[in-house]
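In what follows, a single structure is set out as structure tokens and then discussed.
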Amino acid sequence: MTHDFVVVGAGVSGLTSALLLARNGYSVALVEKAGHTAPLLRGFSRRGVHFDTGFHYAGGMGNGEPLDVFFRYLGLSDRLSSFPFDASGFDTIRTAPDGFEFRFPSGYDRLLENLVEAFPAERSAVEAYLRGVRSAFDSIPYLSLDAPLDPNGALRRVFGPTLRETLDSLTGDEILKSVLSTHCLLYGVPPEEVSFQQHACIVGSYYLSARGIAGGGRSLATAFDARLDELGVEILRGCGVASLSVAPEGLLRGVRLDDGRELRCGGAVVTVHPRTMLDMAPGGSFRPAYKKRIMGLEDTVSAFMLYSVSDLPLPILSGRNLFVLPSADSVRGIGNRPLEESPLYLTAARGQADDVPRGFIGIFPALSETTRAWEDSVTGNRPESYRRFKEGITDRMEHLVKRYCPELGRATACADSSTPLTVRDFGNAPSGGLYGVKHKVGQYNPVPLTRVKGLYLAGQSVTSPGILGAILSGFMACGNILGHDRLIKGLLACR
Ligand SMILES: Cc1cc2nc3c(=O)[nH]c(=O)nc-3n(C[C@H](O)[C@H](O)[C@H](O)COP(=O)(O)OP(=O)(O)OC[C@H]3O[C@@H](n4cnc5c(N)ncnc54)[C@H](O)[C@@H]3O)c2cc1C
């Protein structure tokens with residue numbers, strides 16, 4: 001079997017890369033280890049309630065905003081129906097135990113108004129912060145179609161300043177700092193590690209607007225599948241790539257699948273975790289320094305998660321998320337705290353037949369080390385000690401949710417729960433990190449171009465996490481093949 005390109009991994013970045021290459025005339029095979037494309041997006045159901053696992057809401061999906069334009073270019077828009085989250089407050093940040101609340105509205109102007117109303121003495125800090133986010137967001141190629149392709153953009157993410165340093169330079173108000181740092185939970189890196197540039201790349205889209213997709217992540221996965229089919233992409237599901245075939249002169253010439261089949265190709269876009277990519281590459285493909293760097297990359301935080309169903313609708317989570325901070329500095333060192341001191345992110349789960357919240361997902365960041373004792377066990381065959389540990393964590397999560405959010409009522413019951421090991425095994429994430437490799441100051445993540453000719457890298461670890469980040473990574477990688485100017489021109493025509 002010979003194709004122009006093989007795309008490895010059918011998460012959002014792989015699906016995007018396959019569509020971009022096929023839309024521009026190449027023959028493409030897309031290889032996914034799981035039994036479905038986009039396994040992270042498909043979620044699962046319990047007691048008639050569907051729990052999304054990799055997509056709840058996104059920023060920048062409003063008319064003409066970056067994600068909307070990406071969807072149009074990729075041919076997904078007509079297959080998706082998005083709906084606005086509560087424009088007056090899509091994310092509520094609640095500090096416990098004093099019950100202070102701040103609600104993030106859609107739009108920079110409204111956000112400025114709400115922040116100044118809540119922190120009247122901090123107008124200049126808030127203005128400077130929002131100016132900084134906006135200008136950083138607008139400097140990112142593809143997110144802004146006018147931004148030049150600036151190689152130093154990536155360096156600003158490595159050299160900093162960090163979000164924490166930026167906030168410290170603007171204000172001494174610890175509550176304001178924690179409110180503006182809470183969205184770290186959306187990318188799994190604490191404020192003292194993430195660069196301000198990277199933070200802005202993610203929150204900048206949510207400050208534009210926040211929207212959901214009718215039917216959740218499954219609808220997005222189905223839209224991708226239909227478009228891939230339309231463009232004739234060959235999809236190989238349920239069989240991973242075991243290794244990359246590289247000719248002695250350093251040219252990629254194919255991939256070998258777990259079942260021994262060989263796919264010949266002129267090039268490949270690999271979207272898996274960078275350490276998995278390294279395992280696939282023949283020994284001499286990369287320099288020792290590059291290998292050492294990839295092996296040393298730190299992963300994003302993992303999580304314990306609670307999936308609950310409710311007898312009654314939960315209007316508090318309709319078009320809204322709730323973030324609870326047990327103390328002003330609880331996002332500092334996220335994951336590295338006992339459950340009782342950890343921030344909590346609560347988002348809606350919907351019934352099968354309607355879009356009304358009939359349950360919720362509670363996400364407590366945690367380090368993968370918390371389940372290290374059972375790391376050799378596999379799903380469906382974990383020891384009794386793990387089961388008891390998980391039961392204990394689940395009881396504590398239920399108790400905390402009830403304490404922090406009495407509005408969720410007594411009509412809720414736990415339907416399931418998960419640990420960092422679940423994230424590792426269901427998400428094919430080597431260490432159980434929620435969002436791949438950290439983008440943090442001082443850490444050099446791989447870039448799309450590699451030393452192996454014809455081998456390109458994409459994915460959340462390369463560019464940025466989230467649906468927007470994963471799609472962006474597909475554009476960044478494929479721009480090297482198709483020409484960035486050509487892609488930007490195509491996007492401009494869709495604006
Ligand atoms: C709990 C949770 C909630 C989230 N909520 C949101 C949200 O509300 N909004 C948002 O925008 N983002 C959200 N995200 C983040 C978003 O889902 C991810 O950033 C994005 O989907 C990552 O896409 P990717 O293609 O980079 O990686 P992945 O989806 O990890 O894709 C990599 C693919 O490669 C496959 N693979 C691995 N090894 C092999 C192999 N050897 N051969 C072939 N295939 C292989 C994997 O199975 C996987 O499908 C959430 C993530 C999590 C974990």
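Side chains are part of it too, since the values below use all heavy atoms of this structure and drop only hydrogens, waters and symmetry mates. One-based numbering, in listed order, for ligands and for the atoms of each. Values in this document were obtained by computation on a predicted structure and should not be read as measured data.
- The distance between the ring centers of Y206 and F104 does not fall below 6.0 angstrom.
- Heavy-atom contacts of V272 reach the following atoms of ligand 1: 34 (O), 36 (N), 37 (C), 38 (N), 39 (C), 45 (C) (cutoff under 4.0 Å).
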Chi angles and distances behind the ring-ring contact (aromatic ring centres under 6.0 Å, His included) call for Y187, Y435: CA-CA 6 Å; Y187 52 78; Y435 311 106; 7.9 Å; no

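- Inclusion of N428 in the set of residues having an N or O under 3.5 Å from an N or O of ligand 1 is warranted.
- When each of V49, L346, I316 is tested with F360 by the rule side chain to side chain contact (heavy atoms under 4.5 Å, CB included), just one qualifies, namely L346.
- For atom 34 (O) of ligand 1, the nearest non-hydrogen atom of the protein is G9 CA, 3.3 Å.
- Heavy atoms only, all atoms of each residue included: V69 and L491 are closest at CG1-O, 3.5 Å.
- Here atom 48 (C) of ligand 1 lies nearest to E32 when heavy atoms of E32, M305, H36, H56 are compared.
- The two residues G359 and L317 come nearest to each other via the heavy atoms O-CD1, 4.5 Å.
- Checking only distances, G54 does come within under 3.5 Å of ligand 1, N or O to N or O.
- Atoms of ligand 1 found under 4.0 Å from any heavy atom of G459 (numbered from 1 in listed order, with element): 26 (O).
- In this model, a donor atom of one side chain and an acceptor atom of the other lie less than 3.5 Å apart for T37 and R42.
- Remark: ligand 1 atoms within the under-4.0 Å shell around heavy atoms of V31 are 43 (C), 44 (N).
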Derivation of the ring-ring contact (aromatic ring centres under 6.0 Å, His included) call for F323 and H183: CA-CA 9 Å; F323 294 81; H183 286 123; 5.7 Å; yes

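- Looking only at protein heavy atoms, the nearest one to atom 32 (C) of ligand 1 is T271 O, 4.0 Å.
- Counting the atoms of ligand 1 from 1 in the order shown, those under 4.0 Å from a heavy atom of G240 are 42 (N), 43 (C).
- From the protein, the heavy atom lying nearest to atom 11 (O) of ligand 1 is I467 N, 2.8 Å.
- With ligand atoms numbered from 1 in the order given, ligand 1 contributes 23 (O) to contacts under 4.0 Å with heavy atoms of A470.
- Inspection of the R382 and S377 side chains reveals an N or O donor paired with an N or O acceptor under 3.5 Å.
- Side-chain polar atoms of S417 and T394 form a donor-acceptor pair below 3.5 angstrom.
- If you check each of L434, T53, D52 against atom 2 (C) of ligand 1, the one with the closest non-hydrogen atom is T53.
- The distance criterion of under 3.5 Å between nitrogen or oxygen atoms is not met by Y435 with respect to ligand 1.
- Counting heavy atoms closer than 4.0 Å to ligand 1, residue L40 contributes side-chain atoms (C-beta onward) but none from N, CA, C or O.
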Candidate pair F364 and F304, rule ring-ring contact (aromatic ring centres under 6.0 Å, His included), full reasoning: CA-CA 5 Å; F364 292 81; F304 291 108; 8.4 Å; no

From CA spacing to verdict: salt bridge (charged side-chain N to carboxylate O under 4.0 Å, His left out), R275, D279: CA-CA 6 Å; R275 282 198 292 281; D279 287 345; over 6 Å; no

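- In terms of protein heavy-atom proximity, atom 29 (O) of ligand 1 is closest to G11 CA, 3.6 Å.
- Of the N or O atoms in G427, none lie within a sub-3.5 Å distance of an N or O in ligand 1.
- At least one heavy atom of M280 lies less than 4.0 angstrom from ligand 1.
- Heavy-atom contacts from other residues, nucleotides or ligands closer than 6.0 Å to CZ of F389 number more than 12.
- The shortest N/O to N/O separation between V241 and ligand 1 falls below 3.5 Å.
- Among M277, H273, Q460, the residue whose heavy atom sits closest to atom 19 (O) of ligand 1 is Q460.
- Looking at K33 next to ligand 1, an N or O pair under 3.5 Å apart turns up.
- Between S13 and ligand 1, at least one pair of N/O atoms sits closer than 3.5 Å.
- For ligand 1, the polar-atom distance check finds an N/O of G466 within less than 3.5 Å of one of the ligand's N/O atoms.
- Among protein heavy atoms, atom 9 (N) of ligand 1 sits closest to Y57 O, 2.7 Å.
- Counted by atom type alone, T182 and Y345 present zero donor-acceptor pairs between their side chains at under 3.5 Å.
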